[in-house]
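Protein chains get the first letters and strands the later ones, always in sequence-line order, with residue 1 at the start of each. If you're wondering where the values come from, they're calculated on a predicted model, not measured in any experiment.
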Amino acid sequence: MLQLKDIENSAEEIKASLAKRNWSQQAIHIIDEIIELNNQRKAIQTALDNDKAELNSIAKEIGDLFKAGKGSQTTDLKSRVTQVKESAEKDELLLSATLQALDEKLISVPNTLHSSVPAGKSETDNEVYKAWTKDLPQLHDGALPHWELAEKYNIIDFKLGALIAGSGFPLFRGKGSRLQRALISYFLDEGNKAGYEEIVPPLMVNEDSAKATGQLPDKEGQMYHVTKDDLYLIPTAEVPITNMFRDQIVDEKELPIKLTGYTPCFRREAGSYGAHVKGLNRVHQFDKVEIVQIEHPDKSYETLYSMIAHVEQILNNLNLPYRILKLCGGDTGFTSAITYDFEVYSAAQGRWLEVSSVSNFETFQSNRLKLRYKDESGKNQFAHTLNGSALALARIIACILENFQTPDGIIMPKVLVKYLGFEKID
RNA sequence: GGAGAGUUGGCCGAGUGGUCGAAGGCGCACGCUUGGAAAGCGUGUAUACUCCAAAAGGGUAUCGAGGGUUCGAACCCCUCACUCUCCGCCA
């Protein structure tokens, strides 16, 4: 959520950012409405505060009279109280209606884009930040897409997954299952090496947490909701891990705080269908190792690029062709100021698959989280939050299976062998 | 699932209707003291909104959350959330 202060101080900049997100002039008018509502709020609040101040002082006066044994002299004061209360009650109603209206509008405004984010309407307008310049893998004749390899080697069973839960819930078995576990261990170890503290968070979160990181109300339909207990299955570890800092004030010296965690991720993906969701391309449950940093505003961009480098290194080690996209305004997530997506080449499908998304949220999340740090002068400031996938497993597995297939088996990346205990799926 | 206890500032903890944004202690910061440190002494030490051009200084709200009683609520009443203990069940 944007800060009112920022909206007041940099309205024009924010409007320009909304235009980059392809908002219409009419929709952008919301910024003026917010400023106007906030002015109303201030006026009402001042009036209300004055009434309350008067009530407080009358109460004190009455108290003093009672103590002095002059309780009989309070009648006039009490009738004044009735009067002031009436006006205060009116203002109270007005104030809560205004606050609600203000909040509704405020919560519907996305993060202000970083000035370097390119304009554009959809994913086709994303800028290639780093292209893959080397050769793409050449597959042998009769090479198969991963869902057929999965069946051939009996390592992933989509039909059983569908029987047990539904489509989009793959079941890994045998070497498929071990590949999954190896990747998780490898990714976590890389995170540990890079100085991230490892976390195993809850897999369900309450409404407050989902709101704080911006999943609610923006992505309500994307999450599985356990209505009986009013909990949400996490769509990413970002939600529980970032919420570790809800309502926290950290010391400036503790920054940056670096955390990593492996969790399954649950996404409803309502409305998805077709070839693009086949196999592991888009599933309701997948595993992911996430990296999160809480950083000083002055250093958050430096940090963003170090996180990108971290992901790159992992992909290099796995020997997978990848490219990095800088998302355009139209494709950048609601809560993000800037996002870089990593795509890995899936050789048998001939497609690039998104496997990581690294973002700087600046203060958008910390404002809702109320995550602050105390600066040198002792003032509380909102910290910047960043996160990225390092990495999402399902699609990485798809690429490993497809890219490294040979007529007599799938050769595992070298870095994984010590985790796997085997070199080849055959 | 059943029964009970609890939730106060960075922490501990007092407080059962006005003098309570809240005693006391610890911690922390600054100063004095010291050759230096410790001890000691002194001062200060929440958050949000708001008034003021700014500072100084005001105002309002916050003692788990919401509502009620009252001129006045941390304190009385109601509802809810969470934590802990015991019993039951259970990986």
Under a 3.5 Å limit for both distances, which nucleotide forms a Watson-Crick or G-U wobble pair with B:A74, could you say? none
Would you classify A:Asn56 as touching base, sugar-phosphate or nothing, given that sugar-phosphate means primed atoms plus P, OP1 and OP2, and contacts are heavy atoms under 4.0 Å? sugar-phosphate
Gap in Å between the two P atoms, one belonging to B:C49 and one to B:U34, rounded: 45 Å
Now, which nucleotide makes the Watson-Crick or G-U wobble pair with B:U45, with each of the two distances under 3.5 Å? B:G27
Quick one: list whatever passes side chain to side chain contact (heavy atoms under 4.5 Å, CB included) with A:Lys211, sequence neighbours left out. A:Glu207, A:Leu216
I need the A:Lys370 NZ to A:Ile249 CD1 distance, nearest 0.5 Å. 11.0 Å
Could you give the distance separating B:G6 and B:C80 at their C1' atoms, to the nearest angstrom? 16 Å
So which heavy atom on A:His146 is nearest to which on A:Leu280, and how close? NE2-N, 2.7 Å
Base, sugar-phosphate, or nothing for A:Lys5, non-hydrogen atoms under 4.0 angstrom? nothing
Mind checking which nucleotides bracket the chain A contacts on RNA chain B, 5' to 3', with an atom under 4.0 Å from a heavy atom? B:G18 to B:G72
Determine the contact category for A:Arg80: base if any of its heavy atoms lies under 4.0 Å from a base atom, sugar-phosphate if only primed atoms, P, OP1 or OP2 are that close, otherwise nothing. nothing
Taking atom C1' in both B:A74 and B:G18, what distance in whole Å separates the two? 13 Å
Can you tell me how far P in B:A37 sits from the matching atom in B:A48, rounded to whole Å? 35 Å
For B:C89, which nucleotide in any strand shown is its Watson-Crick or wobble partner with both distances under 3.5 Å? none
According to the Watson-Crick and G-U wobble definitions, with both distances under 3.5 Å, which nucleotide is paired to B:A53? none
According to the Watson-Crick and G-U wobble definitions, with both distances under 3.5 Å, which nucleotide is paired to B:A38? none
Is the gap between the ring centers of A:Phe266 and A:Tyr232 under 6.0 Å? no
Can A:Lys42 and A:Glu8 be counted as an ion pair, charged N to O under 4.0 angstrom? yes
How long is the gap from NE2 on A:His296 to OH on A:Tyr373, to the nearest 0.5 Å? 3.5 Å
Roughly how many Å apart are B:G27 and B:C11, using the P atom of each and rounding to a whole number? 16 Å
Provide the closest heavy-atom pair for A:Glu402 versus A:Gln349 in the form atom of the first, atom of the second, distance. OE1-N, 3.2 Å
By nearest nucleotide on RNA chain B, pick out whichever of A:Lys85 and A:Lys52 is the more 5' one. A:Lys52
Counting only Watson-Crick pairs (N1-N3 plus N6-O4 or O6-N4) and G-U wobbles (N1-O2, O6-N3), all under 3.5 Å, who is the partner of B:C84? B:G4
Over all strands shown, is A:Asp64 touching base, sugar-phosphate only, or nothing at heavy-atom distances under 4.0 angstrom? nothing
Closer to the 5' end of RNA chain B via nearest nucleotide, is it A:Ala59 or A:Thr46? A:Ala59
Test A:Ser359 against every option in A:Thr339, A:Asn111, A:Thr385, A:Asp341 by the side chain to side chain donor-acceptor pair (under 3.5 Å) rule and name the one that passes. A:Thr339
C1' spacing across the pair B:G64 / B:A81, given as an integer number of angstrom: 8 Å
Partner nucleotide of B:A65 by Watson-Crick or wobble geometry (both distances under 3.5 Å): B:U79
Looking only at atom P, what distance separates B:A3 and B:G88, rounded to whole Å? 16 Å
Partner of B:U19 under the Watson-Crick or G-U wobble criteria, both distances under 3.5 Å, comes out as none
Using the C1' atom as the reference point in each nucleotide, state the distance between B:C63 and B:U16 in Å, no decimals. 14 Å
